[in-house]
2 protein chains.
Amino acid sequence: MVLCDVPRPRNANATRQAILEAARERFCAESYDDVGMRDVARDVGVDAALISRYFGSKEDLFVAVMDSCKNGRDLMDGSREDFGERLAREIVYGDMTPCEYEDGGAKMRGLLILLRSIGSTKAMDVVQRTSNSRFFEPLTQWIGGEDAPVRARMAAGLIMGMAIGRELSDGYSSLDEAQKASLAQRMARALQGLIDG
Amino acid sequence: MVLCDVPRPRNANATRQAILEAARERFCAESYDDVGMRDVARDVGVDAALISRYFGSKEDLFVAVMDSCKNGRDLMDGSREDFGERLAREIVYGDMTPCEYEDGGAKMRGLLILLRSIGSTKAMDVVQRTSNSRFFEPLTQWIGGEDAPVRARMAAGLIMGMAIGRELSDGYSSLDEAQKASLAQRMARALQGLIDG
DNA sequence: TGGCCTTGTCATCAGGCGTTGACAAGCGTC
DNA sequence: GACGCTTGTCAACGCCTGATGACAAGGCCA
């Protein structure tokens with residue numbers, strides 16, 4: 001989103017990194033199909049051809065973006081006791097759209113990117129692979145114990161579904177504050193129940 | 001998917017209907033962006049230009065498809081007591097892909113189409129409008145009682161999330177039969193709990 | 001049978017996409 | 001200061017998309 005009129009110093013690593021971050025923002029806000037190489041290039045202030053040269057193809061860029069995200073595992077940062085509340089708060093109240101580096105909502109970013117491109121045929125392979133290796137499997141392992149795979153699926157389903165529901169209803173804008181609080185509480189309880197067994 | 005080598009009898013209504021059904025199958029299996037007018041036309045055995053003439057634009061066709069689906073409300077067909085079990089069974093065991101008319105999985109079709117195109121910027125307006133008027137609002141009304149909007153969001157989230165999780169993990173193929181049963185049971189209980197209060 | 005409205009086809013358009021290879025400009029090194 | 005590698009730009013390609021308007025052919029009615 002930041003255009004530089006003063007020419008960027010010639011630095012391959014920095015440019016590559018800038019492309020990666022711009023792409024991450026784009027994939028965070030739009031689906032795989034809707035993100036264009038030219039869009040990303042414009043954000044960085046660079047020619048689209050450069051992206052092809054640095055990353056190979058659009059799909060490779062997408063993979064690189066996914067790899068650069070602190071996927072899944074971050075959801076499990078913090079104590080086990082308030083997992084439900086943390087997640088619920090993040091989804092109901094957190095701002096997932098701005099997508100700034102290391103900031104609020106950053107934890108959800110990898111997941112958000114997956115959800116955005118979930119429908120795209122072209123990205124499906126990557127999405128499936130990534131969601132398994134970066135989301136389902138770590139969550140299953142983290143939950144542990146009896147019936148962990150099943151409980152992880154349920155938790156993941158609830159998390160994804162609520163995140164999508166939020167997108168669909170524009171940040172749960174039709175709910176008032178009390179209702180949002182109630183939603184967060186219900187979600188927290190449901191998630192925590194799945195974690196605790 | 002059915003190609004007719006013998007020329008279709010000239011019948012505007014029938015052709016229009018055939019286009020609508022072919023489009024419904026396509027939108028059921030692919031995202032808005034991935035479905036091409038030429039694909040739909042080929043399925044029907046007709047020229048793509050005809051679709052434009054009958055339906056106006058691709059977006060209009062998408063709207064017509066959504067209108068033609070028995071959305072949302074169908075999820076609430078049947079008794080209130082086994083809502084959770086019905087839905088859970090549909091999602092965990094039902095085949096949502098074949099997408100045949102009036103057959104198993106048909107109830108989920110409208111929802112499936114929404115989920116498929118959830119990431120597309122071009123379809124977002126229609127998706128948001130439809131998911132509200134055909135899914136969230138009826139569900140809220142059907143649940144009724146105290147806190148209905150919140151409980152409806154939770155239920156919708158769980159349904160959508162589990163449906164997506166299913167797509168992501170290829171029909172929960174990594175789970176064995178016992179685990180699938182456990183998943184269905186957990187989901188049924190969670191949903192029913194939301195319905196009952 | 002001849003006319004005419006309806007139904008469907010065909011060629012084509014403008015625009016967008018990802019990608020490519022040839023060229024320009026910066027910058028360190030000898 | 002000139003060479004040469006790196007970094008970035010530019011123009012173009014081939015392909016695909018949704019949409020349009022001119023045209024062919026079926027089918028009904030007089």
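All chains are named by letter (A, B, ...) in the order of the sequence lines, taking the proteins before the strands, and each is independently numbered beginning at 1.
Residues B:Ser174 and A:Arg153 bring a donor and an acceptor atom of their side chains to less than 3.5 Å of each other. Side-chain atoms of A:Asn132 and B:Ser169 form no donor-acceptor pair, as typed in the model, at a separation below 3.5 Å. Residues A:Ser79 and A:Asp82 bring a donor and an acceptor atom of their side chains to less than 3.5 Å of each other.
Taking the ring axis of A:Phe55 as reference, the NZ or CZ atom of A:Arg16 stays within 45° of it and closer than 6.0 Å to the ring centre. Both tests pass for A:Lys58 against the ring of A:Tyr32: distance under 6.0 Å to the centre and angle within 45° of the axis.
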Discussion item. Walk along nucleotides 17-30 of chain C from 5' to 3' and tag each nucleotide B, S or - by protein heavy-atom contact under 4.0 Å, base first, then sugar-phosphate.
Written reply: BBBBB---BB----
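Atom CG in A:Asn13 sits about 10 Å away from atom P in D:dG8, given to the nearest Å. In this entry the distance linking CZ of A:Arg42 with P of D:dC10 reads 14 Å, nearest Å. Whole-Å rounding puts the B:Ile51 CD1 to C:dC10 P distance at 15 Å. Here D:dA19 presents its C1' atom at 16 Å from CZ of B:Phe55, a figure rounded to the nearest Å.
Between B:Tyr54 and the phosphate of C:dG8, there is a side-chain N or O to OP1/OP2 separation shorter than 4.0 Å. Side-chain N/O atoms of A:Thr15 include none lying less than 4.0 angstrom from OP1 or OP2 on D:dT7.
With respect to the salt-bridge test (charged N to carboxylate O, under 4.0 angstrom), the residues B:Arg86 and B:Asp77 do not qualify.
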